[in-house]
Visitor: 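Quick one: the structure is below, and I'll ask about it shortly.
Computed from a prediction, not measured in an experiment: that's the story for all the values here. Just so you know, these numbers use all the heavy atoms, side chains as well, and skip hydrogens, waters and symmetry mates.
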Amino acid sequence: MASGQDNQGTRRGVAEKMARLRAHVHTAMVDAGLSMGQLASELGVGSAQVLADYLNGRQELPAWVVLRLSEITNKPVWWFFDDQPQGIT
């Protein structure tokens with residue numbers, strides 16, 4: 001049963017990282033001075049409701065959205081994940 005506990009821990013870790021990612025998306029939107037509707041339009045996701053669904057975890061947040069967010073908000077991609085890359089060794 002240890003593997004079941006390991007899987008629960010992994011899922012919890014992923015869920016926590018996704019929650020932080022969604023919080024960073026919201027922070028980036030506020031920092032850029034964009035409304036939900038404006039950001040949704042710039043992203044090309046269709047509507048503010050779709051973006052809200054991403055931020056609330058009702059829909060999976062696609063990687064391409066994070067890449068576009070990085071461009072739109074002038075934040076590096078790593079910023080959305082809390083992990084600044086280290087130098088190449």
Side-chain angles (χ1 to χ4, degrees):
M1 293 248 174
S3 65
Q5 290 173 344
D6 291 344
N7 287 339
Q8 284 180 340
T10 299
R11 283 192 298 267
R12 187 177 19 236
V14 169
E16 289 170 1
K17 287 181 181 183
M18 290 305 296
R20 285 196 310 273
L21 170 62
R22 291 189 301 269
H24 282 302
V25 170
H26 185 266
T27 298
M29 179 183 73
V30 171
D31 288 352
L34 297 170
S35 69
M36 190 84 74
Q38 291 169 322
L39 183 57
S41 178
E42 291 217 24
L43 285 169
V45 296
S47 71
Q49 183 59 53
V50 173
L51 183 57
D53 287 346
Y54 291 149
L55 294 178
N56 293 319
R58 287 188 294 265
Q59 287 190 33
E60 290 291 323
L61 184 65
W64 71 267
V65 170
V66 178
L67 295 174
R68 280 291 294 136
L69 281 164
S70 175
E71 295 170 351
I72 292 166
T73 62
N74 293 315
K75 299 219 183 268
V77 171
W78 62 260
W79 181 86
F80 292 93
F81 297 96
D82 287 332
D83 292 325
Q84 183 171 1
Q86 302 299 313
I88 298 172
T89 59

Visitor: Under a 4.5 Å cut-off applied to non-hydrogen side-chain atoms, are Thr73 and Val25 in contact?
Guide: no

Visitor: So, using side chain to side chain donor-acceptor pair (under 3.5 Å) as the criterion, who are the partners of Gln38 when residues are at least two apart?
Guide: Ser35

Visitor: Sorted by first residue and then second, give each salt bridge (charged side-chain N to carboxylate O under 4.0 Å, His left out) pair with at least one member in residues 28-38; sequence neighbours left out.
Guide: Asp31-Lys75

Visitor: Rounded to the nearest 0.5 Å, how far apart are CG of Leu61 and CG of Asp53?
Guide: 11.5 Å

Visitor: Only counting residues at least two apart or in another chain, list the ones meeting side chain to side chain donor-acceptor pair (under 3.5 Å) with Arg22.
Guide: none

Visitor: Of the non-hydrogen atoms in Trp64 and Gly44, which two are nearest, and what is the gap between them?
Guide: CH2-O, 4.4 Å

Visitor: Quick one: does Arg58's side chain get under 4.5 Å of Gln49's, heavy atoms only?
Guide: yes

Visitor: For the residue pair Arg68 and Val45, establish whether any side-chain heavy-atom pair is separated by less than 4.5 Å.
Guide: no

Visitor: What is the distance from atom OG1 of Thr27 to atom CZ of Arg20, rounded to the nearest 0.5 Å?
Guide: 13.0 Å

Visitor: To the nearest 0.5 angstrom, please state how far the CH2 atom of Trp79 sits from the CG atom of Leu69.
Guide: 9.5 Å

Visitor: Closest heavy-atom contact between Ser47 and Ala40?
Guide: O-CB, 3.4 Å

Visitor: Work out which heavy atom in Val66 is nearest to a heavy atom in Phe81; give both atom names and the distance.
Guide: CG1-CE1, 3.9 Å

Visitor: Which value, rounded to the nearest 0.5 Å, describes the distance between Leu43 atom CG and Met29 atom CE?
Guide: 10.5 Å

Visitor: Working note: Ile72 + Leu34, criterion side chain to side chain contact (heavy atoms under 4.5 Å, CB included); need CA distance, chi angles, decisive distance, verdict.
Guide: CA-CA 10 Å; Ile72 292 166; Leu34 297 170; 3.9 Å; yes

Visitor: Shortest non-hydrogen contact from Phe80 to His24?
Guide: O-CD2, 3.5 Å

